Amino acid sequence: MRVLRTLVEARAWRRAAGATVGFVPTMGYLHEGHLELVRRARAENDAVIVSIFVNPTQFGPKDDFSRYPRDEARDLALLEVEGVAAVFMPTVEEMYPEGFATAVDVSGGLTSVLEGAARPGHFRGMATVVAKLLSIAGAERAYFGRKDAQQLAVVRRMASDLNLAVEIVPCDTVREPDGLAMSSRNTYLTSEERRAAPALYAGLRQALALFEGGERDPAVLREAVRARVVVEPAFALEYVSVADPETLAELDWVKGAALVSVAARLGRTRLIDNVTLGERG
Ligand code: PAF
């Protein structure tokens, strides 16, 4: 497995790689969710490149950039076992050299609601670094988890709007046995918070069960999620949304598919999760 630290090394690797390359962008501190993306990429491409880069521009001043967990040696060992061909691990200076002045802004409702409202500037930083990483990796396919449903919607919009020659492949959320969605941020949870955390997905499942029983009123679905989450008093609920999965516009009635998403704070940790009602895109 090659470890590539510079753009020059990454581009040279791509030129010499097999016919099709699958790309998995990450911020490291890998868990089973990332490894599932890698396995899917391996199954569908001749070679896989993973990036590990904690991107400072997608963190706000109150976000957790400096305390974001990092473990380079462990990540590299996990990727080696998965048969990854190359890992791109640039420095901040390599990605944002002096004079860097460009940003990718996916405008409108897609980035101003939900996570965009809670974390101003987050999607601008994310879209910019993903555009750069996609250009550097030169992959045929790039793999993103459905756990960050809004990120996936923004990346799909950007790839389509900019005519990027890459297929964006959505992959299912990987969960702990008790339902908690895997996330590098779960490591922040105290043992008491970890015990309470599955209430988030339990709430989403209540909405799913109501939908399967014929309920189509978003207010009823939202309330079902809220009521289950607040059973755990440690949770401070930020939002429950029932929205169009592509535009993220809130629905006043569920006619086709709907994305039910939730964000809540558990102590110092902010958790997000979602389920799709109906056919997924
Ligand atoms: O989902 C993440 O880990 C990050 O947002 C990504 C896509 C690697 C961009 O920094």
Side-chain angles (χ1 to χ4, degrees), residues 4 7 10 22-38 40-41 48-60 63-72 74-76 78-79 84 86-96 100 102-106 110-111 114-116 118-137 139 141-159 162 164 166-174 181-188 261 263 269-274:
L4 314 165
L7 303 180
F23 172 49
V24 180
T26 81
M27 298 207 298
Y29 214 73
L30 304 177
H31 51 67
E32 200 53 31
H34 297 112
L35 300 181
E36 276 300 313
L37 304 181
V38 169
R40 174 109 184 248
V48 174
I49 180 166
V50 174
S51 66
I52 298 179
F53 179 61
V54 185
N55 173 39
T57 67
Q58 69 188 74
F59 288 79
D63 284 344
D64 53 352
F65 175 68
S66 55
R67 72 177 187 121
Y68 196 84
R70 292 162 170 89
D71 192 340
E72 185 176 317
R74 181 178 156 278
D75 287 348
L76 290 177
L78 287 170
L79 295 175
V84 166
V87 185
F88 178 52
M89 301 181 78
T91 60
V92 171
E93 295 70 33
E94 184 73 9
M95 291 298 279
Y96 302 109
F100 185 89
T102 302
V104 176
D105 218 339
V106 177
L110 206 49
T111 52
L114 308 177
E115 291 306 287
R119 305 176 66 191
H122 167 71
F123 286 120
R124 190 174 212 247
M126 184 283 293
T128 303
V129 84
V130 169
K132 283 168 68 66
L133 291 168
L134 290 174
S135 149
I136 295 161
R141 300 184 187 84
Y143 296 79
F144 290 82
R146 290 190 188 271
K147 155 138 187 310
D148 295 304
Q150 193 172 7
Q151 167 170 283
L152 175 63
V154 171
V155 168
R156 281 173 143 174
R157 181 80 262 160
M158 172 186 75
L162 299 182
L164 302 184
V166 60
E167 182 191 345
I168 305 299
V169 184
C171 300
D172 286 349
T173 302
V174 178
M182 290 203 184
S183 163
S184 306
R185 289 187 168 95
N186 292 350
T187 182
Y188 300 149
S261 50
T269 308
R270 193 162 175 281
L271 298 179
I272 59 171
D273 201 352
N274 66 81

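Counting convention: from 1, in listed order, for ligands and their atoms alike. Heavy-atom basis, side chains included; hydrogens, waters and symmetry copies ignored. Just so we're clear, the structure is a prediction, and the values are computed from it rather than from any experiment.
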Once you restrict to heavy atoms under 4.0 Å, what part of Val155 touches ligand 1? Side chain, backbone, both or neither. neither
Could you tell me whether a side-chain N or O of Asn55 sits under 3.5 Å from a main-chain N or O of Gly125, the two making a donor and an acceptor? yes
Numbered in order shown, the ligand 1 atoms found under 4.0 Å of a heavy atom of Val129 are 9 (C), 10 (O)
May I ask you to check whether Phe88 and Phe23 place their ring centers less than 6.0 Å from one another? no
Nearest to atom 3 (O) of ligand 1, what protein heavy atom do you find, and at what distance? Met27 CG, 3.5 Å
Atoms in ligand 1 with a heavy atom of Thr26 nearer than 4.0 Å: 8 (C)
Looking only at atom types and distance, does a side-chain atom of Asp148 sit under 3.5 Å from a main-chain N or O of Gln151, one as donor and one as acceptor? no
Please report the C-alpha distance between Tyr68 and Phe59 in whole Å, then the side-chain angles of each, then the deciding distance to 0.1 Å, and finally whether the ring-ring contact (aromatic ring centres under 6.0 Å, His included) criterion is met. CA-CA 10 Å; Tyr68 196 84; Phe59 288 79; 5.8 Å; yes
Name the closest protein heavy atom to atom 5 (O) of ligand 1, giving the residue it belongs to and the distance to 0.1 Å. Gln151 OE1, 2.7 Å
Under a 4.0 angstrom heavy-atom cut-off, which atoms of ligand 1 come close to Met126? 5 (O)
Do Thr111 and Arg124 make a side-chain contact, defined as non-hydrogen atoms from C-beta onward lying under 4.5 Å apart? no
Atom 10 (O) of ligand 1: the protein heavy-atom neighbour that sits closest, reported with distance to 0.1 Å: Gln58 OE1, 2.7 Å
Give a yes or no answer on whether the side chain of Asp273 reaches the backbone of Ser261 with a donor-acceptor pair at less than 3.5 Å. no
